Amino acid sequence: MIILLRPRAGLVLSLALSAVLLSASVPSAGAVDGLGDPVFPSLGNTGYRALAYDLAFDYRADSRTVDGTAVITVRPERTLARLELDALGLAVRAVRVDGRPADFATHDEKLSVRPAEPLRPGAAAELTVEYTADPRAKLPHTGWVPTPDGFAVAGQPQSAHTVFPNNDHPSDKALFTIAVTAPDGLLGVANGELTRTERHGDGRTTRRYASRLPMATELVQVSVGDYTVRERTGPHGLPLRDVVPSSRAAELEPALALTDDQLTWAEAHLGPFPFEAYGLLPTNTDAPDAFAFTGLETQTLTLYKPNFLRRPEPEIGPHMMHELVHSWFGDSVSPARWSDLWLNEGHADYYALLYRYERGWPDTRGNRTLTDRMRYLYGLGDRSRHGSGPVAAPNAANLFDSQRYTGGALVLFALREKVGADTFERIERTFLDRHRYGNASTEDYVRTASQVSGQDLGGFLGDWLYGLRTPPMPGHPDWTVRPAGEAEPQDGVRVAGGAGVARGSGTL
Ligand code: ARG
Ligand code: ZN
């Protein structure tokens, strides 16, 4: 199949292409079966939907391994004599389907299960997988973050299935309960609310957490460490709880205290915070290889490198806002496919930058306003498209390039300049409202923008999202684009000062 991408035709072609890629009936020549995601074709599985995960993690301090039990409720979409889960690096001991032992085998990054009897369409079935995992295992990619006193999880985008077997694609969100057992002296935490604490007689304690709202597998957080929980109350009584290494609680307090006011600001722009609680999890490692970025928006409990949060407010505030905004864009409204990542990162950066310049904090290049910064980014537009592809057409190698971040923010700025601030705000609210607790694609965003503004924005946004050249910026005919060939580092690739390589929200 040969597809010629021209800017104006790009959106339509991409729609057609993704329809082909998402159709389960297309055989994927020799490749491992998956949901056909444009970025990670073999992620996820067809034939069923996951409804709920009931996970248990038992941390063994002596071996530093984790015994896991995953109870997964699935709803078959057709008769299934066999079904697959994503799984990598899990030593599976037993699989049961509705309580009966089932045959299983692993291949590639899949766990194949053959129930004693085929599953019937529409009839929910319960899969139980017992396994052991080693957070320190060397795998081609991993969602485990080993720490000196335990572990945390960073599954985005394709590694949650190294932590538990699952249908590892954000389009299959589900409800989660997570039980974490740790030896006394350590604390087990996970997304959502603490619902029960059970002290066993043998010096171990199990804490159970429930997420009342759907979650994508990539957003699961489970952590064990020598932690202290700091609870406070945010706007209109929202429970805030930070989980911090006990020895660092005092030095991290100034950063953690920022969340309350940040929530008020974010809610003024985006509407009520979508989840039952919020907080930060600065885990107990700053090792550059523990995870290759600064923060990760694991639902209701954002993972952080602790050293980053010791910096002055103008350096950390915009980044904390970026992660907070992911609660709306990314966690509540999750991408339909990984190629829609700019919807997460572009929005998170857009609001983080708005927040920065509103506060009068110039960036590291001396820009003092959002418009100044956007003019600078506009100048890099062709180079970003050349080096990282169009904003909404990433591949696995350039997925987290700044093109999805500040590149996405530039698209949103262009839209705001085109339709005006009031209409832009209505587009944002309508989009969040329509897709709350679900998924949305780039086409969904374009459709909402067109409907709310009352103008067909398919061509305009198609050029901005899929074009290989930077379109004109509405209202700024004097803005110029530098030649694509000029070499210069991408905007926002690194965080200065050794917080690690920050593919992602780098220099906000
Ligand atoms: N989503 C994270 C952020 O908000 C970045 C994660 C980068 N992930 C990765 N696998 N490189 O900044
Ligand atoms: Zn982000």
Side-chain angles (χ1 to χ4, degrees), residues 145 147 149-156 178 180 187-194 207 209 211 215 218-235 238-267 273-286 290-291 293-332 344 348 351-352 355 495 499-500 502 504-505 508:
V145 175
T147 62
D149 47 349
F151 65 87
V153 167
Q156 188 185 70
I178 303 177
V180 198
L187 186 75
V189 297
N191 320 81
E193 281 175 329
L194 178 67
R207 288 181 175 78
Y209 299 83
S211 292
M215 177 159 67
E218 52 126 348
L219 301 173
V220 166
Q221 184 56 264
V222 188
S223 187
V224 168
D226 178 358
Y227 289 126
T228 299
V229 180
R230 306 291 292 245
E231 293 186 318
R232 47 195 119 208
T233 303
L238 181 74
L240 302 185
R241 57 101 176 66
D242 300 302
V243 179
V244 288
S246 302
S247 63
R248 309 189 67 168
E251 68 184 23
L252 294 174
E253 175 56 27
L256 304 176
L258 301 175
T259 296
D260 194 355
D261 284 349
Q262 291 208 332
L263 270 160
T264 302
W265 189 93
E267 289 193 332
F273 180 79
F275 296 105
E276 56 266 56
Y278 187 69
L280 269 49
L281 169 64
T283 191
N284 193 22
T285 181
D286 284 292
F291 51 103
F293 40 88
T294 303
L296 182 66
E297 64 272 23
T298 44
Q299 194 159 301
T300 69
L301 191 55
T302 295
L303 182 67
Y304 260 107
K305 293 256 179 73
N307 271 348
F308 175 78
L309 295 173
R310 294 168 57 205
R311 300 189 202 182
E313 187 180 353
E315 290 180 39
I316 62 175
H319 197 291
M320 285 177 62
M321 181 57 71
H322 173 108
E323 299 302 341
L324 177 59
V325 168
H326 275 313
S327 297
W328 286 262
F329 290 100
D331 295 7
S332 171
N344 292 11
Y351 290 100
Y355 177 79
V495 166
S505 40
L508 277 166

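These numbers come from a predicted model, not from an experiment.
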Self-check item: Close side-chain approach of P235 and D260, heavy atoms under 4.5 Å
Solution: yes
Practice problem: State the CD-NE2 distance between Q156 and H326, to the nearest 0.5 angstrom. | Solution: 7.0 Å
Quiz item: Is there a donor-acceptor contact under 3.5 Å from the side chain of Q262 to the main chain of G317?
Solution: yes
Self-check item: Minimum heavy-atom distance between L303 and Q221, given as atom pair plus value
Solution: CB-NE2, 3.7 Å
Exercise. Could you tell me the separation between the CG atom of L301 and the CG atom of L280, rounded to the nearest 0.5 Å?
Key: 8.0 Å
Practice problem: Establish, from distance only, whether the side-chain atoms of D226 and S246 form a donor-acceptor pair under 3.5 Å. | Solution: yes
Exercise. To the nearest 0.5 angstrom, please state how far the CG atom of L252 sits from the CD1 atom of I316.
Key: 9.0 Å
Quiz item: Is there a side-chain contact between N307 and R248 (heavy atoms, below 4.5 Å)?
Solution: yes
Practice problem: Calculate, to the nearest 0.5 Å, the distance between atoms CD and OG1 belonging to E323 and T259 respectively. | Solution: 11.5 Å
Quiz item: Are the side chain of Y209 and the backbone N or O of G188 linked by a donor-acceptor pair below 3.5 Å?
Solution: yes
Quiz item: So, for A250 and P254, which heavy atoms are closest and what is the spacing to 0.1 Å?
Solution: O-CD, 3.7 Å
Quiz item: Are the side chains of K305 and F291 in touch, meaning some heavy atoms are under 4.5 Å apart?
Solution: yes
Self-check item: Under-4.0 Å salt bridge between R232 and E253
Solution: yes
Self-check item: E313 to P318 - nearest heavy-atom pair and separation
Solution: O-CD, 4.0 Å
Exercise. Would you mind telling me which of D331, N191, T300 makes a side-chain contact (heavy atoms from CB on, under 4.5 Å) with M215?
Key: N191
Practice problem: Grab the two heavy atoms, one from G295 and one from H319, that are nearest each other, plus how far apart they are. | Solution: N-CE1, 3.8 Å
Quiz item: Which class fits the ring pair F273 and F275: parallel under 30°, tilted 30 to 60°, perpendicular over 60°?
Solution: perpendicular
Self-check item: Pairwise distance OH(Y227) to CG(N284) - rounded to 0.5 angstrom
Solution: 6.5 Å
Quiz item: Should L240 and D242 count as side-chain neighbours, where that means a heavy-atom distance under 4.5 Å?
Solution: no
Quiz item: Is R310 paired with D286 through a side-chain N to carboxylate O contact shorter than 4.0 Å?
Solution: no
Practice problem: Walk me through it: do Y304 and T283 pass the test side chain to side chain contact (heavy atoms under 4.5 Å, CB included)? | Solution: CA-CA 6 Å; Y304 260 107; T283 191; over 6 Å; no
Practice problem: Output yes when a side-chain donor or acceptor of S223 lies under 3.5 Å from a complementary backbone atom of V189, and no otherwise. | Solution: no
Quiz item: How are the rings of Y351 and F329 set to each other: parallel, tilted or perpendicular (split at 30° and 60°)?
Solution: parallel
Practice problem: Show your reasoning for whether side chain to side chain contact (heavy atoms under 4.5 Å, CB included) applies to L263 and L238. | Solution: CA-CA 10 Å; L263 270 160; L238 181 74; 3.8 Å; yes
Quiz item: What's the spacing between E297 CD and L324 CG if we round to 0.5 Å?
Solution: 11.5 Å
Quiz item: P282 and P245: which non-hydrogen atoms are nearest, and at how many Å?
Solution: O-CD, 2.8 Å
Self-check item: Steps toward side chain to side chain contact (heavy atoms under 4.5 Å, CB included) verdict (M320, F308)
Solution: CA-CA 10 Å; M320 285 177 62; F308 175 78; 5.6 Å; no
Practice problem: Please tell me if the side chains of V145 and F151 come closer than 4.5 Å, counting only heavy atoms from C-beta onward. | Solution: no
Practice problem: Can you see which heavy atom on V325 is nearest to which on A348, and at what distance? | Solution: CG1-CA, 3.8 Å
